[in-house]
Colleague: 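Sharing a structure below in structure tokens format, with a few things to ask.
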Amino acid sequence: MFTLTSIQQLLKRNISVELICAEDSRIHIEANNMGIMLHPIKASGYFHPVTTFKISLLIRNNNYSLVHTQASKDLWLLVPALFLAGSKIPLFLTKQVGSSIVKKDFLHNQLYRRVSKIFAISNAIRENVIYTTPVKSADVLIIPNGISADKFNPEKVDCKKVREEYKITHEEVVIGMLARLTPGKGHEEFLQAAKELNKEFNNLIYLIVGEPSRGESEYTARIKMLAQDYGLDNIIFTGFRGDTPEVLAALDIFAFPSHSEAFGIALVEAMAMKKPSVCSNAEGILDIAINDITAYLFENKNAEDLKNKLKQLINSKETRLKFGENARKRVLEKFDIEIINDEIFKIYSNAIKGK
């Protein structure tokens, strides 16, 4: 979805964009609905001579200024295609996730030599890329994912909609987390903290927003059973919600107990909505939240510390307001999609000019 958002931003700047994507994939369907120029392909593995040749014809027959891919696996298609087309246009790669495989053999050296710049979405990903690939550190830039600060704007979103839907009163404090229901997101610690907080407060409501990843419905059932075992009758599992800004508007406190993140986009969205947060001090989060400024950071995987930090925000509306203001200010300065794309466009322009 971030790829589609980036394409829309480029189109707004009157830059022509064409998308190569897997046929019948989610991005294919969504891009088609948006009217984006498409070239669907079939390429499930690494070596696809026919598809590579088709891409080389596309490059040869069209006046492209550059190619930008969102997955390193695509280099196995694009680098040979650019070679066959005799094209020397810049090739960019965005790394959204790290790799546990070191890729410094002869073939990977040939692939990565052709890449102009690599965009890493966080410092942790940048360090991983430098460690696992044969690229110069100067060619790996931190370009975080951005969000639309206009879409996630508390002044434009109905803060009562979701609270009224779930019959949450004005006096109740809503603590929520938005994440896929999958191991590593910190649901266990969140429920443990909620159990302890309920012993001290009687006006709390917890929202857990999200659906399981494919094949992980058993994990979801286990988390719901854990909530039941803890006697958390003040917790609401909403499932998937498409109205993220409205859901965030309903919260008083945002919890982000993830054990590790490439980049916590849900946290950025909450910050844009002026939500104070309690976050684990994990990779991919430290690039975003600032302790005692936009959030309280707690020790990763420590439910007791999470409970204590949440308690501080529950007890201080003044701190919640201060953190919320600081959070949106940070998003406007660092993570607004307009700012991110301004930076990307400058890099594009310099590469096209050979700088």
Colleague: Could you check if a side-chain atom of Val331 sits within less than 4.5 angstrom of a side-chain atom of Ile147, using non-hydrogen atoms only?
Modeller: yes

Colleague: Distance-only criterion, 3.5 Å: show the donor-acceptor pairs between side-chain atoms of residues 279-288 and protein atoms not counting sequence neighbours.
Modeller:
{"from": "Ser280", "atom 1": "OG", "to": "Ser258", "atom 2": "O", "distance (Å)": "2.4"}
{"from": "Asn281", "atom 1": "OD1", "to": "Asn300", "atom 2": "N", "distance (Å)": "2.9"}
{"from": "Asp287", "atom 1": "OD2", "to": "Asn123", "atom 2": "N", "distance (Å)": "3.1"}

Colleague: Can you sort out the partners of Ala81 under side-chain contact (heavy atoms from CB on, under 4.5 Å), two or more places apart, ordered by chain and number?
Modeller: Thr52, Ile55, Ser56, Ile59

Colleague: If you compare all heavy atoms of His28 against all heavy atoms of Ala22, which two are closest, and at what distance to 0.1 Å?
Modeller: CB-O, 3.5 Å

Colleague: Kindly give the cluster partners of Met37, where membership spreads through any ILVMFWY side chain lying under 4.5 Å from a current member.
Modeller: none

Colleague: Pairs under 3.5 angstrom only: tabulate donor-acceptor contacts from the side chains of residues 176-187 to other protein residues two or more places apart or in another chain.
Modeller:
{"from": "Arg180", "atom 1": "NH1", "to": "Ser213", "atom 2": "OG", "distance (Å)": "2.7"}
{"from": "Thr182", "atom 1": "OG1", "to": "Glu216", "atom 2": "OE1", "distance (Å)": "2.4"}
{"from": "Thr182", "atom 1": "OG1", "to": "Glu216", "atom 2": "OE2", "distance (Å)": "3.2"}
{"from": "Lys185", "atom 1": "NZ", "to": "Glu261", "atom 2": "OE2", "distance (Å)": "2.6"}

Colleague: With sequence neighbours excluded, what pairs up with Lys311 under the salt bridge (Lys or Arg N to Asp or Glu O under 4.0 Å) test?
Modeller: Glu200

Colleague: Which residues pass the salt bridge (Lys or Arg N to Asp or Glu O under 4.0 Å) test with Lys199, sequence neighbours left out?
Modeller: Glu196

Colleague: Suppose we screen for side-chain contact (heavy atoms from CB on, under 4.5 Å). Which residues come up paired with Arg13, at least two apart in sequence or across chains?
Modeller: Ile15, Glu338, Asn341, Asp342, Phe345

Colleague: Report yes or no: do Ile89 and Leu75 belong to one cluster of Ile/Leu/Val/Met/Phe/Trp/Tyr joined by side chain heavy-atom distances under 4.5 Å?
Modeller: yes

Colleague: Is the CZ atom of Arg26 crowded by more than 12 outside heavy atoms at less than 6.0 Å?
Modeller: no

Colleague: Apply salt bridge (Lys or Arg N to Asp or Glu O under 4.0 Å) to Lys42 and list each qualifying residue two or more places apart in sequence or on a separate chain.
Modeller: Glu23

Colleague: How are the rings of Tyr348 and Phe92 set relative to one another: parallel (under 30°), tilted (30 to 60°) or perpendicular (over 60°)?
Modeller: tilted

Colleague: Please assess Tyr64 against Glu18 for the test side chain to side chain contact (heavy atoms under 4.5 Å, CB included), listing each intermediate value before the final yes or no.
Modeller: CA-CA 9 Å; Tyr64 298 130; Glu18 297 181 16; 2.6 Å; yes

Colleague: Here's a test for you: under side chain to side chain contact (heavy atoms under 4.5 Å, CB included), which of Ile293, Thr294, Leu313 qualifies with Phe323?
Modeller: Leu313

Colleague: Looking at Asp336 and Ile339, would you say the former's side chain and the latter's main chain have a donor-acceptor pair under 3.5 Å?
Modeller: no

Colleague: Show every donor-acceptor pair shorter than 3.5 Å between a side-chain atom in residues 220-240 and any protein atom, with sequence neighbours excluded, or say none if there are none.
Modeller:
{"from": "Asn234", "atom 1": "OD1", "to": "Asn198", "atom 2": "ND2", "distance (Å)": "3.1"}
{"from": "Asn234", "atom 1": "ND2", "to": "Asn198", "atom 2": "OD1", "distance (Å)": "3.0"}
{"from": "Asn234", "atom 1": "ND2", "to": "Leu204", "atom 2": "O", "distance (Å)": "2.9"}

Colleague: If the condition is salt bridge (Lys or Arg N to Asp or Glu O under 4.0 Å), which residues does Lys346 pass it with, not counting sequence neighbours?
Modeller: none

Colleague: Run the side-chain contact (heavy atoms from CB on, under 4.5 Å) test against Lys334 and tell me which residues pass, sequence neighbours left out.
Modeller: Arg330

Colleague: Can any side-chain N or O of Arg60 pair as donor or acceptor with the backbone N or O of Leu84 at less than 3.5 Å?
Modeller: yes

Colleague: Sequence neighbours left out, cut at 3.5 Å: what donor-acceptor pairs do the side chains of residues 157-165 make with other protein atoms?
Modeller:
{"from": "Asp158", "atom 1": "OD1", "to": "Lys160", "atom 2": "N", "distance (Å)": "2.9"}
{"from": "Lys161", "atom 1": "NZ", "to": "Asp243", "atom 2": "OD2", "distance (Å)": "2.6"}
{"from": "Arg163", "atom 1": "NH1", "to": "Ala250", "atom 2": "O", "distance (Å)": "2.9"}
{"from": "Arg163", "atom 1": "NH1", "to": "Asp252", "atom 2": "OD2", "distance (Å)": "3.3"}
{"from": "Arg163", "atom 1": "NH2", "to": "Thr169", "atom 2": "O", "distance (Å)": "2.8"}
{"from": "Arg163", "atom 1": "NH2", "to": "Glu172", "atom 2": "O", "distance (Å)": "2.7"}
{"from": "Glu165", "atom 1": "OE1", "to": "Arg241", "atom 2": "NH1", "distance (Å)": "3.2"}
{"from": "Glu165", "atom 1": "OE1", "to": "Arg241", "atom 2": "NH2", "distance (Å)": "3.0"}
{"from": "Glu165", "atom 1": "OE2", "to": "Arg241", "atom 2": "NH1", "distance (Å)": "2.8"}

Colleague: In terms of side-chain geometry, is the basic nitrogen of Lys274 or Glu325 positioned less than 4.0 Å from the acidic oxygen of its partner?
Modeller: yes

